[in-house]
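Being a predicted model, the structure only gives us computed values, none of them experimental.
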Amino acid sequence: MELKSTVTLHTGRRMPVFGLGTWELTRDTAGTVERALELGYRMIDTAVDYGSQPGIGEALGRTAIPREEIFLVAKVEENDQAYEATRRYLDEMRQDYADLMLIHRPPRRGVGTDLWEGLVRAREDGLVREIGISNYSIEQMDRLTEEAGESPVVNQIEWTPFGWSREMLDACRERRVVIQAWSPLTRARRLDDDTLRRIADRRDVTPAQVLLRWALQKETVPLPKANDWDHLVENPGALDIELDDDEMAVLDGLNEHWSAVGPAVQYL
């Protein structure tokens, strides 16, 4: 497995198995993204409230990597008009299209069928290649699928050994929806966990690499953020190791339905 390895979406299009998250990546965003692309990263994830969209656009304009080799993930907000927002966010990044556009979170009322219809229109007009969701529960995902008449290709959710859901994993596998993992490194809040460190020390790797490898072996797609260029190099080292069944079971057992953003969210 390498940074250019891919997973097949249920539409048949392929998506990288590993990407760069850009939440609060506001210190030299363009330079960090450009460096990531030089290192072999091929998927970049953003949203309007991350503050990283302009910098990503700058990096994509500077890099020598062909645009068709880069998988750009963006999001419309739950209070947006999805079609108009898609155009606006693409303009902000100076891009003709996004490879994947997500509904960032379910609206307070309903499951976002109107948002989905706007994204379908954007897809028909060539503004996006694939469409999906983020932060949806199983019930919300199924309601949207029933009302929209098609299932999302991705559900991007928080996902770490300290907060994950067997039910969500099984449901997404059954429905052929790929889980993308945001904050797979716990926003650094659990990297000093004793169990995690013992596994990392035994393998002579970092706790971050163990967390990312766990996510990969759960057949999810991690999107770690890296403000530090050393971390840009460190994180993909997860692709070079393999945890055994006992280690995976120990990590699975760390589950507290914990969330880095406060009270555990409904899908954990």
Side-chain angles (χ1 to χ4, degrees), residues 3-9 11-26 28-77 80 82-105 115 118-135 152-157 178-184 220-226 232 235-236:
L3 280 170
K4 295 180 183 179
S5 297
T6 58
V7 59
T8 302
L9 304 174
T11 58
R13 187 170 279 112
R14 303 189 71 83
M15 178 179 73
V17 299
F18 196 96
L20 177 68
T22 64
W23 175 77
E24 291 192 347
L25 185 65
T26 55
D28 190 19
T29 303
T32 302
V33 171
E34 189 174 18
R35 176 60 174 157
L37 293 170
E38 291 171 355
L39 290 169
Y41 287 76
R42 288 297 179 268
M43 178 159 57
I44 309 297
D45 175 74
T46 187
V48 64
D49 59 1
Y50 293 2
S52 58
Q53 291 191 163
I56 289 172
E58 183 179 345
L60 294 179
R62 293 191 328 210
T63 183
I65 307 298
R67 174 63 183 87
E68 61 270 18
E69 294 182 14
I70 301 169
F71 198 96
L72 177 62
V73 184
K75 305 174 187 74
V76 296
E77 303 303 304
D80 276 333
Y83 183 86
E84 290 76 9
T86 296
R87 281 196 173 278
R88 186 165 65 252
Y89 300 152
L90 290 174
D91 287 345
E92 187 176 340
M93 294 186 286
R94 290 173 286 173
Q95 297 298 302
D96 294 329
Y97 69 95
D99 296 274
L100 173 63
M101 189 68 73
L102 308 177
I103 301 173
H104 200 169
R105 57 188 68 83
L115 291 164
L119 292 184
V120 168
R121 181 183 166 201
R123 183 179 61 191
E124 291 172 346
D125 286 355
L127 302 178
V128 301
R129 300 291 191 260
E130 300 286 354
I131 56 179
I133 55 177
S134 180
N135 301 307
V153 295
V154 157
N155 188 12
Q156 186 183 119
I157 57 178
V178 176
I179 293 175
Q180 286 184 331
W182 61 259
S183 293
T220 69
V221 175
L223 302 168
K225 182 185 74 171
L232 279 179
N235 291 340

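When every heavy atom of V76 is checked against every heavy atom of A85, the shortest pair comes out as CG1-CB, 4.0 Å. Closest heavy-atom contact between K225 and N235: O-ND2, 4.0 Å. Nearest heavy atoms, V221 versus V17: CG1-O, 3.4 Å. Contact between A30 and A59 at its shortest, heavy atoms only, is O-CB, 3.4 Å. F18 approaches P224 most closely through the heavy-atom pair CZ-CG, 3.7 Å. The two atoms that bring N135 and H104 nearest to each other are ND2-O, 2.9 Å, heavy atoms only.
Rounded to the nearest 0.5 Å, atoms CH2 (W182) and CG (D45) are 11.5 Å apart. Of the inter-residue distances, the one linking L39 atom CG with R35 atom CZ reads 4.0 Å to the nearest 0.5 angstrom. Taken to the nearest 0.5 Å, the CD atom of E77 stands 5.0 Å off from the CZ atom of R105. Distance CD/E84 to OG1/T86: 8.5 Å, rounded to 0.5 Å. Taken from OG1 in T8 to CZ in R13, the straight-line distance is 11.5 Å, to the nearest 0.5 Å. K75 contributes atom NZ, which lies 3.5 Å from atom OH of Y50 (distance to the nearest 0.5 angstrom).
By the side chain to side chain contact (heavy atoms under 4.5 Å, CB included) test, T32 pairs with L25, W229, L232, sequence neighbours left out. For R123, the side chain to side chain donor-acceptor pair (under 3.5 Å) criterion is met by E150, not counting sequence neighbours. Partners of D125 under the side chain to side chain donor-acceptor pair (under 3.5 Å) rule, at least two apart in sequence or in another chain, are Y83. In this view, N155 satisfies the side chain to side chain donor-acceptor pair (under 3.5 Å) rule with no residue, not counting sequence neighbours. Here T63 pairs with nothing under the side chain to side chain donor-acceptor pair (under 3.5 Å) rule; sequence neighbours left out.
Judged purely by distance below 3.5 Å, without hydrogens or angles, the side chains of D80 and Y89 pair a donor atom with an acceptor atom.
By the 4.5 Å heavy-atom criterion applied to side chains, P236 and Y41 are counted as neighbours. By the 4.5 Å heavy-atom criterion applied to side chains, V48 and Q53 are counted as neighbours. Side-chain contact between L223 and M43: present, with at least one pair of heavy atoms (C-beta onward) separated by less than 4.5 Å. Using a 4.5 Å cut-off on side-chain heavy atoms (C-beta onward), E34 and E38 make contact. At least one side-chain heavy atom of M15 sits under 4.5 Å from a side-chain heavy atom of V154.
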Quiz item: Checking side chain to side chain contact (heavy atoms under 4.5 Å, CB included) for the pair I65/R42: CA distance, chi angles, key distance, verdict?
Solution: CA-CA 9 Å; I65 307 298; R42 288 297 179 268; 3.5 Å; yes
Quiz prompt | Trace of the side chain to side chain donor-acceptor pair (under 3.5 Å) decision for T46 with S52 | solution = CA-CA 7 Å; T46 187; S52 58; 2.9 Å; yes
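For R14 (side chain) and L9 (main-chain N/O), no donor-acceptor pair under 3.5 Å exists by modelled atom type.
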Please tabulate, for side-chain N and O atoms in residues 95-103, each donor-acceptor pair with protein atoms closer than 3.5 Å (sequence neighbours left out).
from, atom 1, to, atom 2, distance (Å)
Q95, OE1, R67, NE, 2.9
Q95, NE2, M93, O, 3.3
D99, OD2, R67, NH1, 3.0
D99, OD2, R67, NH2, 3.1
D99, OD2, L72, N, 2.8

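For the pair R121 and E124, the salt-bridge criterion is not met [side-chain N within less than 4.0 Å of a carboxylate O].
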